[in-house]
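So the structure is just underneath, and the comments pick up after that.
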2 protein chains.
Amino acid sequence: MIVDRYSKRQQQIIEAAINLIASDGIQKLSIRNLTRNIGITEPALYRHFDSKQDLLIEILNYFEETGKVINDEICTIYERPLECIEKFLLLKLENLSRNPALASVIFSEEIFRYDGRLSKKVQDIMRKNRDFIEKLVITGQETGEVRSDIPGDQISMIILGTIRLLVKRWRLSDFSFNLEDEGRRLKDTIIGLISEGK
Amino acid sequence: MIVDRYSKRQQQIIEAAINLIASDGIQKLSIRNLTRNIGITEPALYRHFDSKQDLLIEILNYFEETGKVINDEICTIYERPLECIEKFLLLKLENLSRNPALASVIFSEEIFRYDGRLSKKVQDIMRKNRDFIEKLVITGQETGEVRSDIPGDQISMIILGTIRLLVKRWRLSDFSFNLEDEGRRLKDTIIGLISEGK
DNA sequence: TATAAGTTAGTTAACGTTAACTAACTTTAG
DNA sequence: CTAAAGTTAGTTAACGTTAACTAACTTATA
């Protein structure tokens, strides 16, 4: 799993960290916690990662890469922009559903805020999704699939903002509802809302 | 300012805390920081608040109360639900614009996540806004002002989610754009989108 | 047998909080 | 009206805990 540029132990550490983040939130992730969970001592971790920051960066990298895989996949399989937006939403929701830790990480900008490298990375990930959707919306407006009476950046803000809030509520409710089901309903509404003509 | 149930010193502490939160984020707010900023020693703070948690609760109370004042004001001045939603958005954006710390607090659920009292309070505040908008949307649908082809809860999610994302971007960009201007544009779009007929 | 991966036993820095005490007021009592 | 008693708001010094991290030594592996 994950990526082959990591050793077995590194993969194990990253996976354990993700699981801990998923269950207890990112700010409960300490080296103590993490290493105890794996069954090694704290200093042993430093044989595999130079610092906690480095470990967190690798976790963010992992999520960034899986996100990229999703986006690339969409582009090769589907052609119509509106269809791509639809698939984007479905795949992202599915991905979050399977990796609740990702929801924790997505909403941790506040925690990373004053760590330059980490907050830059989180913002990068956000920006990539934003750019991806915004481009789809704009080409959709050019092909006439997406309504043109609203600026593309606003449409993308509506799409991402709405989904983000759904995910936030899912997380705050301790994942108590089915994200994919609710997301599908919301996706249908959003697609209907931004389509040209009725 | 604030409320008269606090002493001068308590008000000063609360205000200083809000300013520190605005500039450095909520998780940089330590008793050390705060008291140094005011010019008293750490233990002196405990003459005015029993614990840090108590202080944070009071800060949240303050924001909750100003939010309530806004909502009550809207209800007495305006009648048409759509008009109320419009004013709600404008007043909230104005309030955030004047109190950037509020944006920090709004997005700190992740930090409070494992403090029962604090996370409950934050969720209360979120829920109040949600209920307020959802009710307006539903009565708007009944009076025929708001489109009825989309469930009310979804419309309220679109409204709040979109605005939330705008505020989040404003915060992540270090308040680098004019929130009220951008918000007004977005508000017009949202109102157009949810109005019945075109 | 050298190196990778682990251990024990620490370090430094920060956190919220408390104990013990004091200067400067205000209130009460003789 | 003055002196004792009490209150308010502050001080210094320290507490116990936790955080990330490290130096030095040991074990396991290729």
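This one's a predicted model, so the numbers in the text were calculated from it and none came from an experiment. Order of the sequence lines fixes the chain letters, A, B, ..., with proteins taken first and strands second; residue numbering starts at 1 for each chain.
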Legend entry - Residues forming a salt bridge (Lys or Arg N to Asp or Glu O under 4.0 Å) with Arg117(B), sequence neighbours excluded: Asp54(B)
Inset, instruction - Could you pull out all residues at least two apart from Asp124(A) that satisfy salt bridge (Lys or Arg N to Asp or Glu O under 4.0 Å)? - result: Lys120(A)
Quick one: [X] [atom1] to [N] [atom2], roughly how many Å, whole number?
| X | N | atom1 | atom2 | result |
| --- | --- | --- | --- | --- |
| Phe49(A) | dT22(D) | CZ | P | 16 Å |
| Leu45(A) | dA5(C) | CG | P | 13 Å |
| Ile40(A) | dC21(D) | CD1 | P | 14 Å |
| Lys52(B) | dT18(C) | NZ | P | 14 Å |
| Asp50(B) | dT17(C) | CG | P | 10 Å |
| Glu42(B) | dT11(D) | CD | P | 10 Å |
| Gln12(A) | dA5(C) | CD | P | 13 Å |
| Arg36(B) | dG10(D) | CZ | P | 17 Å |

Inset, instruction - Report yes or no: do Ser104(A) and Arg171(A) form a side-chain donor-acceptor pair below 3.5 Å? - result: yes
Name all residues meeting the ring-ring contact (aromatic ring centres under 6.0 Å, His included) criterion together with [X]; count only those two or more places apart in sequence or in a different chain, and write none if there are none.
| X | value |
| --- | --- |
| Phe175(B) | Trp170(B) |
| Phe63(A) | none |
| Phe132(B) | Phe88(B) |

Short side-chain N/O contact to [N] OP1/OP2 from [X], under 4.0 Å:
| X | N | answer |
| --- | --- | --- |
| Thr41(A) | dG6(C) | no |
| His48(B) | dG10(D) | yes |
| Arg9(B) | dT8(D) | no |

Legend entry - Residue from Leu34(A), Leu102(A), Val105(A) passing side-chain contact (heavy atoms from CB on, under 4.5 Å) with Ile21(A): Val105(A)
Inset, instruction - Scan nucleotides 23-30 of chain D nucleotide by nucleotide, 5' to 3', and note B when protein non-hydrogen atoms come under 4.0 Å of the base, S if they reach only the sugar-phosphate, - if neither. - result: BBB-----
Legend entry - Residue pairs fulfilling ring pair (Phe, Tyr, Trp, His ring centres under 6.0 Å) with at least one residue in residues 140-161 of chain B, sequence neighbours excluded: none
Inset, instruction - Using heavy atoms and a sub-4.0 Å distance, could you list which residues of residues 20-34 of chain A are near DNA chain D? By number, please. - result: Leu29(A), Ser30(A), Ile31(A), Arg32(A)
Inset, instruction - Could you name each residue pair satisfying salt bridge (Lys or Arg N to Asp or Glu O under 4.0 Å) that touches residues 148-166 of chain B, not counting sequence neighbours? - result: Arg185(A)-Asp153(B), Glu109(B)-Arg164(B), Arg147(B)-Asp149(B)
Legend entry - Minimum-distance nucleotide (side-chain atoms of Tyr46(B) versus dA20(D), dT17(C), dG10(D)): dT17(C)
